[in-house]
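Below, chain A is the first sequence line, B the second, and so on; all start at residue 1.
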2 protein chains.
Amino acid sequence: MLKRTRDIQKALSESGYRITQPRQAVIEVILRARRSLSPEEILARARKIDPGVGLATVYRTLDVLHAEGYLERVRIGNKGYTLTCTEKTLHFHLICERCRTVTELQSDRFSRDLMAQLRAAGFEARKHAIEIIGRCAKCQPSE
Amino acid sequence: MLKRTRDIQKALSESGYRITQPRQAVIEVILRARRSLSPEEILARARKIDPGVGLATVYRTLDVLHAEGYLERVRIGNKGYTLTCTEKTLHFHLICERCRTVTELQSDRFSRDLMAQLRAAGFEARKHAIEIIGRCAKCQPSE
DNA sequence: GGTTTATTGAGAACGATTCTCACCAAGGCC
DNA sequence: GGCCTTGGTGAGAATCGTTCTCAATAAACC
């Protein structure tokens with residue numbers, strides 16, 4: 001089991017959530033994944049750990065993780081994919097439309113610039129989603 | 001009829017699309033709207049112009065406009081809203097979760113900064129969606 | 001171990017979007 | 001101008017992702 005899994009479980013427990021087998025399975029699947037996964041994909045993988053897991057539980061666990069700030073949801077077209085993210089600061093996602101890998105980038109300058117603009121507009125930001133969709137370095141159209 | 005409506009129709013026609021009554025109605029509704037509209041809302045308004053319009057046609061017209069680069073789709077939660085946007089340069093949307101008004105911002109500095117980072121990461125951007133969700137100046141929680 | 005109560009899985013329900021198909025009308029051609 | 005081809009159409013069925021319902025289960029605290 002990954003170390004992060006324990007940490008998250010401990011935090012959830014302290015927030016009053018019960019640590020159940022299905023939840024453990026889902027959390028571990030998400031942390032292990034090297035790219036963002038759709039709920040269906042999470043389900044398939046979680047069932048290898050705990051065969052009884054249901055789709056509803058995957059969604060519920062995603063909700064819990066989201067509510068606790070451990071996860072963000074990113075969409076590609078009409079399909080929803082999930083990815084781990086514990087960063088609270090401004091960041092953006094580079095989503096490769098071919099391999100679906102999601103790379104996270106941050107920039108302090110970028111962040112300051114954006115915050116200044118928001119203030120100027122009188123806009124109070126609650127959350128953000130900065131998604132750049134295209135091809136990652138590995139998936140460039142050959143030639 | 002707005003001038004932009006004519007321009008878009010001309011362009012669509014040159015791209016091989018037929019200019020039909022339902023399409024005209026949908027395009028006009030979107031251009032007239034002061035905030036982003038859901039497909040259902042577009043349908044309701046389009047029917048005031050052409051009562052026979054169907055929901056499927058709204059979706060199909062949105063697809064056409066999207067394919068031709070006249071429109072972007074922005075999502076708030078699981079609900080999908082559409083908004084006009086012909087700008088090709090980097091820009092971001094401030095979405096008010098209360099009144100749903102979408103404000104568009106641009107920044108050259110912001111743009112340059114982001115482009116530089118993308119180049120550094122070897123990422124080839126095809127499209128982007130920068131969405132800041134929160135409260136606009138008019139909808140700040142009172143007090 | 002017993003009790004409480006949040007959590008669960010299965011499947012129904014839901015809402016948004018897409019598809020199907022017979023009919024229609026835009027636009028090119030004569 | 002009228003005719004023909006074919007892309008576009010509306011209605012409703014189908015599909016997809018997500019959420020809900022509810023009886024059964026199992027954490028967590030004693």
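- Sequence order on DNA chain C of the closest nucleotides to B:S13 and A:R23 puts A:R23 first from the 5' end.
- Considering only side-chain N and O atoms, B:T20 lies nowhere under 4.0 angstrom from the phosphate OP1 or OP2 of C:dA25.
- A distance-only check finds no donor-acceptor pair linking the side chain of A:R135 to the backbone of B:E124 [under 3.5 Å].
- B:T103 pairs by the side-chain contact (heavy atoms from CB on, under 4.5 Å) definition with B:L94, B:T101, not counting sequence neighbours.
- Rounded to whole angstrom, the span from the CD atom of A:E14 across to the C1' atom of D:dA28 amounts to 15 Å.
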Exercise. Any chance you could lay out the side chain to side chain contact (heavy atoms under 4.5 Å, CB included) test for A:Q24 and A:T5, step after step, and finish with the verdict?
Key: CA-CA 8 Å; A:Q24 288 183 31; A:T5 310; 5.8 Å; no
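- Residue contacts shown for B:I19 are limited to sugar-phosphate atoms, with no base heavy atom under 4.0 Å away.
- Here the options are A:L65, A:D63, A:V58, the test is side-chain contact (heavy atoms from CB on, under 4.5 Å), and the partner is A:T61; only A:L65 passes.
- Comparing A:E40 and B:D50 against DNA chain D, the residue whose closest nucleotide sits nearer the 5' end is B:D50.
- Note on A:R60: a base of the nucleic acid sits closer than 4.0 angstrom, heavy atoms only.
- With rounding to whole Å, A:L55 atom CG is found 16 Å from C:dT7 atom C1'.
- Distances from the side chain of B:Y59 to the nucleotides D:dT6, C:dA6, C:dA16 place C:dA16 closest.
- A:G52 comes within 4.0 angstrom of the backbone, heavy atoms only, and of no base.
- Within 3.5 Å, a donor on the side chain of A:R18 pairs with an acceptor on the base of C:dA6, or the reverse.
- In this structure, A:D63 places its CG atom 17 Å from P of D:dG17, rounding to the nearest Å.
- For B:Y17, whose side chain is taken as the heavy atoms from C-beta onward, the closest listed nucleotide among C:dT17, C:dA10, D:dG8 is D:dG8.
- The backbone N or O of B:Q9 lies less than 3.5 Å from no partner atom in the side chain of B:S13, so there is not a single donor-acceptor pair.
- In this structure, CD of A:Q9 is placed 13 Å from C1' of D:dA27, rounded to the nearest angstrom.
- Between the CD atom of B:Q21 and the C1' atom of C:dC24 there is a distance of 13 Å, rounded to whole Å.
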